[in-house]
There are 2 protein chains.
Amino acid sequence: MNKQSLYKGCLEPIVLQLLGNHDRMYGYEITVKVKELTKGALQITEGALYPLLHRLEGEGVLTAEMEHVGNRMRKYYRLTPVGQATRKNALNELNDFIATLQLFNKPAIS
Amino acid sequence: MNKQSLYKGCLEPIVLQLLGNHDRMYGYEITVKVKELTKGALQITEGALYPLLHRLEGEGVLTAEMEHVGNRMRKYYRLTPVGQATRKNALNELNDFIATLQLFNKPAIS
DNA sequence: AACATATACCTAAGTTACCAATGTATTTAA
DNA sequence: TTAAATACATTGGTAACTTAGGTATATGTT
């Protein structure tokens with residue numbers, strides 16, 4: 001597993017990107033998808049994810065729909081129109097961020 | 001300027017990389033170099049940098065040498081042998097991190 | 001039948017790595 | 001002469017996490 005401290009601040013753009021590519025997803029699904037996609041390199045905790053989803057919903061970036069599967073509840077989230085724009089912006093920032101980090105990616109002299 | 005929250009946790013590997021490529025540097029020089037290298041995209045604050053340098057020195061990753069330039073003091077830092085290894089490791093983590101982030105770099109369906 | 005694991009939601013308390021603000025002092029440019 | 005740049009440093013606050021815990025259903029596993 002990668003050093004987790006590097007991912008601080010990246011959770012929001014990652015979630016937005018997933019929802020930009022998946023129409024709708026529920027919390028637990030997101031944690032599983034991220035773990036699967038990154039082959040375990042990134043494991044997002046529920047203690048980080050759920051408060052984030054609630055905040056984004058409160059900000060009008062996401063909407064939520066409850067659904068029952070058997071006796072168990074799922075809360076599906078999807079991007080609002082505002083969220084679509086937020087996602088695009090976040091993606092640009094993420095790409096700039098990656099490009100900036102690449103500037104320091106040198107083998108070193110010695 | 002990029003969204004700063006993304007860079008949380010990246011300061012240490014960035015500083016280690018700079019010192020891996022520059023033999024020795026002093027604090028203020030690092031702030032200027034980062035700003036210059038990233039064309040202003042990343043501006044590290046002194047409130048973040050100096051405590052980090054002190055910690056890395058305390059951990060044996062860096063050594064410091066004081067020097068006078070006129071009446072003004074400079075504190076030069078360089079990597080110790082331990083620091084060289086720490087840098088290499090941090091670079092690997094940074095590359096893994098970037099590769100993982102790239103997994104989410106998609107244009108989105110809509 | 002009992003138990004662990006997976007699925008599915010959630011919150012509260014603590015940690016960490018930063019930012020913003022401030023302080024001191026010298027040097028240089030307007 | 002006064003602002004900006006150079007150069008060090010610390011303190012207080014905060015955002016985004018982690019760790020730990022709680023509730024409940026569903027599905028293997030012995």
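Everything numeric here is computed off the predicted structure, so don't read it as measured data. In the text below, chain A, chain B and the rest are named by the order of the sequence lines, each starting its count at 1.
Each of Tyr26(B) and Pro51(B) was matched to the nucleotide of DNA chain D holding its nearest heavy atom; the match closer to the 5' end belongs to Tyr26(B). Between Ala48(A) and Val69(A), the one whose closest nucleotide on DNA chain D sits nearer the 5' end is Ala48(A).
Side chain of His54(A), nearest nucleotide from dC9(C), dT11(C), dC17(D): dT11(C). Here the nucleotide nearest the side chain of Asn71(B), chosen from dA9(D), dT27(C), dT6(D), is dT27(C).
In this structure, Glu67(A) pairs ionically with Arg24(A), as a charged nitrogen and a carboxylate oxygen lie closer than 4.0 Å.
Put simply, the side chain of Gln17(B) gets close to the backbone of Lys106(A): a donor and an acceptor are under 3.5 Å apart.
For dC19(C), the base has no donor-acceptor partner in the side chain of Gln4(B) [N/O atoms by modelled type, under 3.5 angstrom].
Using a 4.0 Å heavy-atom criterion, one finds that Leu52(B) contacts no nucleic acid atom at all. Base engagement by Glu46(A) is indicated by at least one non-hydrogen atom pair under 4.0 Å involving a base atom. Among the atoms of the strands shown, only primed sugar atoms or phosphate atoms (P, OP1, OP2) are found under 4.0 Å from some heavy atom of Gly9(B).
OP1 or OP2 of dC9(C) lies within a sub-4.0 Å distance of a side-chain N or O belonging to Tyr50(A). Distances shorter than 4.0 Å separate none of the side-chain N or O atoms of Arg72(A) from OP1 or OP2 on dT7(C). Contact annotation: Lys75(B) reaches the phosphate of dA9(D) (side-chain N/O to OP1 or OP2, under 4.0 Å). Checking the phosphate oxygens (OP1, OP2) of dC19(C), a side-chain nitrogen or oxygen of Thr45(B) falls inside 4.0 Å. In terms of phosphate contacts, Tyr28(B) brings a side-chain nitrogen or oxygen within less than 4.0 Å of OP1 or OP2 of dT6(D).
A 4.5 Å side-chain heavy-atom check between Leu101(A) and Ile14(B) finds at least one atom pair inside the cut-off. By the 4.5 Å heavy-atom criterion applied to side chains, Leu56(A) and Glu12(A) are counted as neighbours. Side-chain contact between Met25(A) and Lys33(A) is present, with at least one heavy-atom pair separated by less than 4.5 Å.
At whole-Å resolution of the value, CD1 in Ile14(B) and C1' in dA17(C) are 13 Å apart. Atoms CD (Glu29(A)) and P (dA6(C)) sit 18 Å apart, rounded to a whole Å. When rounded to the nearest whole Å, the span between OH of Tyr76(B) and C1' of dT6(D) equals 12 Å. For Lys33(A) and dA6(C), the NZ to P distance is 18 Å, given to the nearest whole Å. Atom NE2 of His68(B) is separated from atom C1' of dA7(D) by 11 Å (rounded to the nearest Å). In this entry the distance linking CG of Leu49(B) with P of dT6(D) reads 15 Å, nearest Å. In this structure, the CE atom of Met73(A) is 12 Å from the P atom of dT25(D), given to the nearest Å. Remark: P of dA17(C) and CG of Leu6(A) are 11 Å apart, rounded to the nearest angstrom.
Side-chain contact of Arg74(B) with Tyr76(B): a donor-acceptor pair under 3.5 Å is present, judged by distance alone.
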